[in-house]
Amino acid sequence: MKTIENISRMSTFVKIMKKEGKSIGLVPTMGYLHEGHLSLVKAAKKHTDVVVMSIFINPLQFGPKEDFQKYPRDLKHDEEMAREAGVDVIFYPSLKDIYPEGYATYVTVEKLTGNLCGESRPGHFRGVATIVTKLFNIVKPDVAYFGQKDMQQALMIRKMASDLNMDIEVKIIPIVRDDDGLAMSSRNIYLSDAERKDAVVLYQSLKNAETLIKNGERDARKVIKTVEDMIRAKQSARIEYVKLVDTKELKDLKMITGEIALAVAVFFSNTRLIDNITIMVK
Ligand code: AMP
């Protein structure tokens, strides 16, 4: 495995791989790797010849009051995990290489981004769409891998790739969870012991809602209220949103029908965690 730290060297590598007729899989990350990231690598290794993992903490997608400065970083550890998982190249560009002085071009996806995290994090998805476009142009992958954990992000990228004729297949990989159900996230490291215990309520409340829906509940408001009540019962939790949406346009639903997603964003102190489940309702 090699680590490539600048764009021009990455481009040279990509040219050589393309000449050899190799397919490229890209796994974009912000590092501080866990099993969730590695599940994307595993999928990439199945379908493509060369697996490139990018590690770049993208300031454009963080709000002014968010955790860009203190986002966890550990390249050495990431390199070990990535090597073991079979990553061929870590692409680890510098901030200056990606956004040189005078940088002025941004990508906005005007559907799928208004609700959920788009509502509470203005500019976030513009930042994500911009960096992912740049990574796509640099790495030129045949397939790119995203996690269902960030469902809205993954659907937005798929739409962007299609709208802009990028000729890249966007694969969405299921959420990897700790044994107790908490979705793995680099941000879980911020949680105190008490918060970590409370955070299990996210998955528990989603699973409880799933049971309600499977037992016939079709009123979205009632399901949302049940999830909210369960989360509120945890002392350290502060809800940002609990939403029930369709999985095509991510619009709020009143009646539960078709394929739906139940998505939550909850703060534990300053740590913002998200989770979701999708359910097919006939
Ligand atoms: P991040 O480094 O948090 O930006 O995540 C990089 C990629 O890994 C994104 O596509 C995420 O959706 C995905 N990812 C993060 N956590 C998980 C998880 N627990 N299970 C599956 N994929 C994940």
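As the structure lists them, so they are numbered: ligands from 1, and atoms in each ligand from 1. Note that this is a predicted model, so its numbers are computed, not measured. Starting from 1, each residue takes its place in the sequence as its number.
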Next on the checklist: Would you compute the distance between atom CG of Leu273 and atom NZ of Lys149 and round it to the nearest 0.5 angstrom?
Outcome noted: 7.5 Å
Checklist entry - What distance separates Leu155 CG from Leu250 CG, expressed to the nearest 0.5 Å? => result 5.5 Å
Next on the checklist: Any non-hydrogen side-chain atom of Asn208 less than 4.5 Å from a side-chain atom of Thr226?
Outcome noted: yes
Checklist entry - Quick one: does ligand 1 sit under 4.0 Å from the side chain of His34, the backbone, both or neither, non-hydrogen atoms only? => result side chain
Checklist entry - Below 3.5 angstrom, do we get any N/O pair linking Asp150 and ligand 1? => result yes
Next on the checklist: Looking only at protein heavy atoms, which one is nearest to atom 20 (N) of ligand 1, and what is the separation?
Outcome noted: Val176 N, 2.9 Å
Checklist entry - Which atoms of ligand 1 sit under 4.0 Å from any heavy atom of Leu40? => result 7 (C), 8 (O), 10 (O), 13 (C)
Checklist entry - Got an N/O contact under 3.5 Å between His37 and ligand 1? => result yes
Item to check | ligand 1 to Met184 polar contact by distance, N or O atoms, under 3.5 Å | outcome: yes
Item to check | From OH (Tyr241) to CD1 (Ile274), nearest 0.5 Å | outcome: 6.0 Å
Checklist entry - So which bit of Ser186 gets within less than 4.0 Å of ligand 1, heavy atoms only: side chain, backbone, both or neither? => result neither
Item to check | Contacting atoms of ligand 1, where contact means under 4.0 angstrom from a heavy atom of Phe146 | outcome: 10 (O)
Checklist entry - What part of Val27, side chain from CB on, backbone N/CA/C/O, both or neither, has a heavy atom under 4.0 Å from ligand 1? => result neither
Next on the checklist: Does the structure place the NZ or CZ of Lys70 under 6.0 Å from the centre of the six-membered ring of Tyr190, at an angle of no more than 45° from the ring's axis?
Outcome noted: yes
Item to check | Atoms in ligand 1 flagged as close to Ile175, the criterion being non-hydrogen separation under 4.0 Å | outcome: 20 (N), 21 (C)
Item to check | Per-atom contacts, ligand 1 versus Gly147 - under 4.0 Å to a heavy atom | outcome: 9 (C), 10 (O), 11 (C), 12 (O), 13 (C), 22 (N)
Checklist entry - Does ligand 1 have any atom sitting under 4.0 Å from a heavy atom of Pro28? => result yes
Checklist entry - Taking side chain as C-beta onward, heavy atoms only, is His47 less than 4.5 Å from Tyr145? => result yes
Checklist entry - Cation-pi between Arg9 and Tyr92: NZ/CZ under 6.0 Å from ring centre and within 45° of the ring axis? => result no
Checklist entry - Quick check: does Ile173 get an N/O under 3.5 Å from an N/O on ligand 1? => result no
Item to check | Residue from Arg272, Arg121, Arg187 passing salt bridge (charged side-chain N to carboxylate O under 4.0 Å, His left out) with Asp67 | outcome: Arg187
Next on the checklist: Would you compute the distance between atom NZ of Lys134 and atom CG of Asn137 and round it to the nearest 0.5 angstrom?
Outcome noted: 8.5 Å
Next on the checklist: Please list, in number order, the atoms of ligand 1 under 4.0 Å from a heavy atom of Pro174.
Outcome noted: 20 (N), 21 (C)
Item to check | Candidate with minimal heavy-atom separation from atom 18 (C) of ligand 1, of Ser185, Gly36, Ala183, Ser54 | outcome: Gly36
